[in-house]
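Contents: one structure, followed by commentary.
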Amino acid sequence: MPIFDRFVPKEPARGEQERAAFHPIPYRKIFSELDTTGEEAKAQYPDDRKTVDEFIRILKESCRDRHKKVLDGEWRPMNAQARFFLSADRMCAYACLLPPENDGGGISFETFWEDLHYEGILHGVFPEEELQREFALGYLHVFPVARGKLPYPGSDGKLTELFQRRTNMRVEVQNGSQVDFGPDSQVQPIRKGTVICMIRPPKEGTPGMDVTGQALPSPPVFSANVPQGVNTKIDRGGLALTASVDGILYIENDLFCVQAQKIIDGSMEQFQGTLQISGNLYVEGNVDGGADIEASGDIIIGGKMGQARVTSTGGTIRVQEGIFGTKDQTFLTAARQVQSPVMECAEIVAETSVIAEAINNCTIRCGGTVYAMGGRGMIVDSLIRAGGSVLCLRIGNLAGGRSQISVGYPPHIPESWERIRGELAEIGPTLTVLWDNITTLRKLGHRITEKEQAVLETLLEQRKLYIERQEMLKIDLEAVNKALDKKSKGIIRCEMVQPCLDVQIGRSKEEITTREEQCNIHLCERRILLK
């Protein structure tokens, strides 16, 4: 038999609800009272509306059954009962006292209190004094008796990044459009031990408990995802991500990485002598005043470059704020790329490519492509020999001047072709002069003096040497001609050409003396075409 259907003694105990004997109450009247008390409970506890509605429905069914039993004569006296109800999530419990039927006995607060605990409502029960006040309001009064404790959520780990997420910070790139020389693209030098990110560990929440004493775990918390990449480490007891080497900080695959690099703070404008570095080098400021720098890896100059010699024997050179050199005193040589927004009055050698926004009065030898596609995209008064192509926006300016560009062949081949042909052109007249002098002396016959005979022998020896040199040059020229006769994909592409421009592709040459637009200068059947 349910605990709430127990009879209580006829003698009223302390706190017992006393009721005079009465005839069965029509259940419709009870329903009306339940509806009224339900509305009062919902108004007082609006978050419990669904729970109260469900409890009222169950109470009405119970009252209908009790009333029916009394009318059927199954049970003569029917004691008052305490009914309890749990919300669907077991976070609150409600109670209601049903009146006695057919001269049944009342219910004491002690019995009500015991029934509460026998029903397993153990946690979050309201203070006894408060429940006594609710109990005293009598039958058909719906009121809460217990509330559980919700779990208190913790907090996930958090990461605070102290540096910008700059991508593509590796010095060498695939093409000219990947280099941005703007202020937001400045490389980020970092010293060993510098904090990159602060790490806040997760904080566990507090578990809760429903009214039956069932524990409610707090939601799980998660550690911060630490973007640890190459040459970084988690330090300071797990509270920081730091650089493990001096170098340049960059993002790769969403991870903070450090490219190991020797760092020189400030400028190198008064440096005398040669600085040789094994590995990568970063100079924070300017390089000028005749400095001579050599590194086996990448070289990054954070400021400007003037009168100096900079050599990377195994990497790329980037001058972030421009090269403003002095003719015959500014040299850059890189095993990979040379990058700078401005290149003025400098001699540049790059094995792969050259990337700039403006090239003025420079001599450039490049094994790949010369790019001038950003910013002004201009090439003026420069000699460029590119093994690949030259891609720019504009060649020349309104002031005139002359640029010379050869494309499609390794720089040394057209240079060798020019040198050999020039030397052969000089040897021919020299041999003619020698032969004329020899002929004149030979005509003297036996009248030639000893001194003249010595001169003749010297002239003959010189002529022999020149002939041998001429034959060697002809062999070399034949080899170079074969190299130049190979089909080339080299082009010069630009939006506008101002006169004058000398173009060489293979053994073909063209002088452009008119203003041309949308040029795609290339070689077709040994002819240079502009479109």
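Being a predicted model, the structure only gives us computed values, none of them experimental.
- Applying the 6.0 Å contact sphere to CZ of Arg165 captures more than 12 heavy atoms from other residues, nucleotides or ligands.
- In this structure the side chain of Gln504 never reaches within 4.5 angstrom of the side chain of Tyr409, judged on heavy atoms.
- For the side-chain contact (heavy atoms from CB on, under 4.5 Å) with Met496, the lone residue among Gln518, Arg394, Glu516 that qualifies is Arg394.
- A cation-pi contact links Arg421 to Trp417, judged by a cut-off of 6.0 Å to the six-membered ring centre and 45° from its axis.
- Between Thr330 and Ile323 there is a side-chain heavy-atom pair separated by less than 4.5 Å.
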May I have the list of side-chain donor-acceptor pairs in residues 199-211 shorter than 3.5 Å, sequence neighbours left out?
from   : atom 1 : to     : atom 2 : distance (Å)
Arg200 : NH2    : Asp156 : O      : 3.2
Asp210 : OD1    : Thr212 : N      : 2.9
Asp210 : OD1    : Thr212 : OG1    : 2.6
Asp210 : OD1    : Gly213 : N      : 3.2
Asp210 : OD1    : Gln214 : N      : 2.9
Asp210 : OD2    : Thr212 : OG1    : 3.4

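- Counting non-hydrogen atoms of neighbouring residues, nucleotides and ligands closer than 6.0 angstrom, the CZ atom of Arg376 reaches no more than 12 such neighbours.
- A salt bridge links Lys509 to Glu418: one of the charged nitrogens lies within less than 4.0 Å of a carboxylate oxygen.
- Scored by the salt bridge (charged side-chain N to carboxylate O under 4.0 Å, His left out) test, Glu517 finds Arg515 as partners (sequence neighbours excluded).
- A donor-acceptor pair shorter than 3.5 Å cannot be found between the side chains of Gln337 and Glu172.
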Taking distance alone, no hydrogens or angles, what donor-acceptor pairs closer than 3.5 Å link side-chain atoms of residues 423-437 to residues at least two apart or in another chain?
from   : atom 1 : to     : atom 2 : distance (Å)
Glu423 : OE1    : Arg469 : NH2    : 3.1
Glu423 : OE2    : Arg469 : NE     : 2.8
Glu423 : OE2    : Arg469 : NH2    : 3.0
Thr430 : OG1    : Glu426 : O      : 2.9
Thr432 : OG1    : Gly428 : O      : 3.1
Asn437 : ND2    : Val433 : O      : 3.3

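- For Lys531, the NZ atom counts as densely surrounded, since its 6.0 Å shell holds more than 12 non-hydrogen atoms of other residues, nucleotides or ligands.
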